[in-house]
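Encoded as structure tokens, the structure appears first; notes follow it.
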Amino acid sequence: MKILVLGGSYFYGRVFVMQASSEHTITVVNRGTYSMKDFGVSQLIGDRKDINLWKNCTEDYDVIVDFCGYNKGDIKIVLDNISGRVQQYIFISTVDVYERGHKILMDEKGPLEKRSIPGEAGNYIIGKIELEKELIFECVKRKISYTILRPAILYGPYNYAPREALYIQMLVQNHILPYIKDATGKFQFVYIKDAADIIIKCLLNTNSFNQIYNVCDDMILDYHMFVNQLKEIADVEYEIIPMTKEQALSQNVPLPFPLTMEESELYSNIKSKVELNVCYTKFSEGLLKTYNAFKKVYM
């Protein structure tokens, strides 16, 4: 299968390329910050907003997998200018597109956010919502099958975002583990290998055509459970440091997950399990693999 990957050199895209490259012919289009040649794939370097970049893509591709669409127009410019034939377009969105405040396990039929959310996070969400609409419109017009994936919090090896890796770093290097004693927020993860495998399961899979899927683990966590999971796998000496949210902020302790129930939004993964036959990795198993990978980096 011939796959055109947009982005693909950072966390999610990188792991997908690593897993899929042995079975498929992959061309990665990105700005060239990281070389992808070690994975045995072709790489086109350029800005996705450059029309000439897409006019040079003259081959037919079975599937486009888009990791780096963020702003309205990002999909249209690709499909308007690529000259080769495309059968399926898989777009990586986010569970953050759902309307907030419902306090239920939101499934894929849930309403999308309509309110304006300030700041960088709000711009990110608005961009993803606009691109989901753009994808559907442009693909239906061109008779291309589309698939939208909405992952929750991604974790795993190669994740250098300031999330679980920072807590592992504090364990291994500083021998401390902060415990945010007044945090009540709840959240869901998805192990990066599972997220990549779901893309692979969608490739030219007619079950996934013109469908949307939440991508998230079964387990609903809070800060207390997260710290307990780390305690169970840690193999270094460390000290638990209880602190409040305010104390953590004043000491620059990372607080990457929802802190309160008001901030918490939870999602159903039933559709992905039923239609794509997905078996999500247990969080304890995925976190252990993540810990072992990052321990080698931080030792």
Side-chain angles (χ1 to χ4, degrees), residues 1-94 123-124 126-149 151 158 160 192 195-206 208-211:
M1 197 178 302
K2 289 182 67 176
I3 304 170
L4 184 66
V5 174
L6 312 187
S9 63
Y10 193 63
F11 185 37
Y12 192 0
R14 189 179 189 85
V15 174
F16 167 73
V17 170
M18 290 168 64
Q19 292 184 200
S21 59
S22 62
E23 299 292 332
H24 304 285
T25 301
I26 295 177
T27 300
V28 176
V29 179
N30 57 30
R31 293 181 178 179
T33 305
Y34 302 100
S35 174
M36 304 297 291
K37 293 180 180 179
D38 290 344
F39 302 121
V41 303
S42 301
Q43 186 173 13
L44 296 177
I45 296 175
D47 190 319
R48 69 178 294 153
K49 298 185 186 301
D50 181 359
I51 292 175
N52 292 323
L53 173 68
W54 303 116
K55 287 185 175 179
N56 290 329
C57 289
T58 57
E59 297 183 54
D60 293 336
Y61 292 98
D62 296 298
V63 185
I64 292 176
V65 183
D66 190 345
F67 291 94
C68 66
Y70 300 113
N71 301 302
K72 186 176 181 179
D74 280 352
I75 292 172
K76 187 176 188 302
I77 196 172
V78 176
L79 294 179
D80 276 351
N81 293 287
I82 195 169
S83 58
R85 184 174 59 91
V86 177
Q87 296 186 58
Q88 182 186 18
Y89 197 121
I90 299 177
F91 176 62
I92 309 303
S93 185
T94 170
N123 292 335
Y124 173 78
I126 290 168
K128 289 294 188 181
I129 291 171
E130 290 298 325
L131 282 173
E132 286 192 11
K133 295 175 184 177
E134 182 172 299
L135 175 75
I136 294 169
F137 179 81
E138 297 295 336
C139 285
V140 169
K141 182 171 67 175
R142 293 172 170 82
K143 295 182 171 56
I144 297 171
S145 298
Y146 66 84
T147 306
I148 297 171
L149 300 180
Y158 303 102
Y160 292 96
I192 190 60
D197 283 342
I198 286 173
I199 300 175
I200 294 171
K201 286 178 179 290
C202 289
L203 297 173
L204 295 188
N205 179 351
T206 56
S208 75
F209 286 0
N210 307 326
Q211 297 296 324

If I compare all heavy atoms of I75 with all of R48, which pair ends up nearest, and what's the gap?
N-NH2, 4.1 Å
Nearest non-hydrogen partners of G69 and L131, listed with the distance:
C-CD1, 3.2 Å
Work out which heavy atom in Q88 is nearest to a heavy atom in C202; give both atom names and the distance.
NE2-O, 3.0 Å
Got more than 12 heavy atoms from elsewhere within 6.0 Å of CZ, R31?
no
Give the minimum heavy-atom separation between S93 and I148, together with the two atoms involved.
CB-CG2, 3.9 Å
Test applied, side-chain contact (heavy atoms from CB on, under 4.5 Å); reference residue, L203; option that passes from D62, I90, T147:
I90
Spatial distance of atom NZ (K141) from atom NZ (K76) [nearest 0.5 Å]
5.5 Å
Is the closest basic N to carboxylate O distance between K128 and D74 below 4.0 Å?
no
CG of L149 to NZ of K201, rounded to nearest 0.5 Å, is 13.0 Å
Hey, what do you get for CG (N81) to CG (N52), rounding to the nearest 0.5 Å?
8.5 Å
Kindly determine whether F16 and V65 satisfy side chain to side chain contact (heavy atoms under 4.5 Å, CB included), including the steps that lead there.
CA-CA 10 Å; F16 167 73; V65 183; 4.2 Å; yes
Tell me, with the steps shown, if I199 and V63 meet side chain to side chain contact (heavy atoms under 4.5 Å, CB included).
CA-CA 11 Å; I199 300 175; V63 185; over 6 Å; no
With a 4.5 Å heavy-atom cut-off, do I51 and D80 have their side chains touching?
no
Are V28 and S9 close enough that some pair of their side-chain heavy atoms sits under 4.5 Å apart?
no
Any donor-acceptor pair under 3.5 Å from D66 side chain to F91 backbone
no
Count the heavy atoms of every other residue, nucleotide or ligand shown that sit under 6.0 Å from NZ of K49, and state whether that count exceeds 12.
yes
Got more than 12 heavy atoms from elsewhere within 6.0 Å of CZ, F11?
yes
Do D197 and Q19 come close enough that some side-chain heavy atom pair is under 4.5 Å?
yes
Output the distance between atom CE (M1) and atom CD1 (I3), rounded to the nearest 0.5 Å.
6.0 Å
Report the relative orientation of the aromatic rings in F67 and Y12; use parallel for angles under 30°, tilted for 30 to 60°, perpendicular for over 60°.
perpendicular
Point-to-point distance, once rounded to the nearest 0.5 Å, from CG of L79 to CH2 of W54
9.5 Å
In Å, rounded to the nearest 0.5 Å, how long is the span from CD of E138 to OH of Y146?
13.0 Å
How far apart are the C-alpha atoms of T94 and Y124, what are their side-chain angles, what is the distance that settles it, and do they pass the side chain to side chain contact (heavy atoms under 4.5 Å, CB included) test?
CA-CA 10 Å; T94 170; Y124 173 78; 3.8 Å; yes
Shortest non-hydrogen separation from I82 to C57 and the atoms involved
CG1-O, 3.4 Å
Between E134 and G73, is there a donor-acceptor pair closer than 3.5 Å when you use the side chain of the first and the backbone of the second?
yes
Do D47 and L53 have side chains that approach each other closer than 4.5 Å (heavy atoms only, starting at C-beta)?
no
Of all the heavy-atom pairs spanning N210 and S145, show the shortest one and how long it is.
OD1-CA, 3.6 Å
